[in-house]
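Scroll down for the structure; my scribbles are underneath it.
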Amino acid sequence: KWISLGGALSSFGQLNALLCAAARMVVSAAEIGVLPPLLAKVHPVSGVPVAATLALSFGLFLVLSLPFSELVEFSMLFYGFTAGLEFLALIKLRTLEPATPRPYRVPLGDSWPLAAFCLPPLGLCALLFALDERLSLYIFLATVAFSVATYCCRGGVDGGGASAQHAAGGKIPVMLV
């Protein structure tokens with residue numbers, strides 16, 4: 001009885017923390033011009049990002065209407081996709097900019113050993129797509145299509161223009177791989 005109550009309170013606290021942290025990320029993305037400026041607004045007294053919190057709550061409400069198995073598949077699709085993009089970014093940066101100083105350098109050389117190291121995880125990411133249920137795949141593909149369309153309509157990486165460069169201290173932040 002008490003364990004169930006503790007689990008429910010823990011889940012509520014985790015959801016609350018996730019929503020609050022994600023809302024701040026949405027505000028940051030809106031400040032550098034990646035998302036619409038409306039989402040960057042915060043309450044003048046409390047500093048709460050009301051528009052971002054409402055937008056995320058609405059999206060979460062829509063996603064939570066799916067069955068649990070679909071939520072797990074949807075989550076794993078996004079995880080596999082982002083992991084795949086990270087491995088591809090690692091290979092691309094190491095190929096195009098091998099001499100760039102980095103805080104940590106993956107000790108696999110700059111060409112085939114690195115690609116061979118990244119191939120099994122990329123294969124597992126592809127396997128996620130092959131084994132997934134169609135509803136999760138359709139929602140995922142619609143989300144990716146919307147994201148790519150938004151990216152293209154806003155002009156790519158430099159789509160934020162002067163506001164993005166001002167918010168980033170004059171340069172767009174880049175993750176070092």
Side-chain angles (χ1 to χ4, degrees), residues 6-68 70-90 92-93 96-97 100-104 125 128-129 132 135-177:
L9 289 175
S10 175
S11 295
F12 178 75
Q14 185 177 10
L15 179 64
N16 189 25
L18 176 70
L19 189 60
C20 291
R24 298 292 177 183
M25 288 183 243
V26 168
V27 168
S28 297
E31 286 175 348
I32 63 170
V34 176
L35 292 174
L38 170 71
L39 296 174
K41 294 182 180 177
V42 295
H43 191 271
V45 177
S46 64
V48 173
V50 177
T53 303
L54 289 174
L56 285 170
S57 298
F58 180 71
L60 188 60
F61 174 75
L62 291 177
V63 170
L64 288 179
S65 65
L66 296 172
F68 182 73
E70 295 288 332
L71 287 174
V72 171
E73 290 173 4
F74 187 60
S75 175
M76 293 314 310
L77 275 176
F78 271 104
Y79 177 76
F81 184 70
T82 55
L85 286 179
E86 289 168 1
F87 281 114
L88 292 173
L90 171 67
K92 182 177 179 180
L93 280 173
L96 296 178
E97 301 178 21
T100 301
R102 293 170 173 85
Y104 175 76
C125 293
L128 276 174
F129 288 96
D132 201 32
L135 178 61
S136 298
L137 188 59
Y138 294 149
I139 293 171
F140 171 77
L141 291 175
T143 305
V144 170
F146 177 75
S147 301
V148 169
T150 303
Y151 177 81
C152 292
C153 289
R154 297 196 54 83
V157 174
D158 296 326
S163 65
Q165 290 183 0
H166 174 70
K171 55 187 170 183
I172 302 297
V174 176
M175 184 175 91
L176 299 175
V177 178

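Values below: all heavy atoms of this structure, side chains included; hydrogens, waters and symmetry mates excluded.
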**Q.** Distance in Å, I139 CD1 paired with L66 CG, rounded so as to fall on 0.5 Å steps
**A.** 4.5 Å
**Q.** Closest approach of V27 to A40 (non-hydrogen atoms, all atoms of both residues)
**A.** CG1-O, 3.9 Å
Q.
So L71 and L64, do their side chains get closer than 4.5 Å, heavy atoms only?
A. yes
Q: Give a yes or no on whether the backbone of F78 and the side-chain of T82 come within a donor-acceptor separation of less than 3.5 Å.
A: yes
Q) Which atoms form the tightest heavy-atom contact between L39 and A55, and what is the distance? A) CD2-CB, 4.0 Å
Q: Decide yes or no for V26 and L35: does some side-chain heavy atom of the first lie under 4.5 Å from some side-chain heavy atom of the second?
A: yes
Q | Non-hydrogen side-chain atoms of K41 and P49 separated by less than 4.5 Å | A | no
Q.
Give me the atom names and distance for the closest heavy-atom approach of V48 to R24.
A. CA-NH2, 4.2 Å
**Q.** Heavy-atom closest pair, residues A23 and T53
**A.** CB-OG1, 3.6 Å
Q.
On a heavy-atom basis, which atom in A30 and which in P36 lie closest, and how many Å separate them?
A. CB-O, 3.4 Å
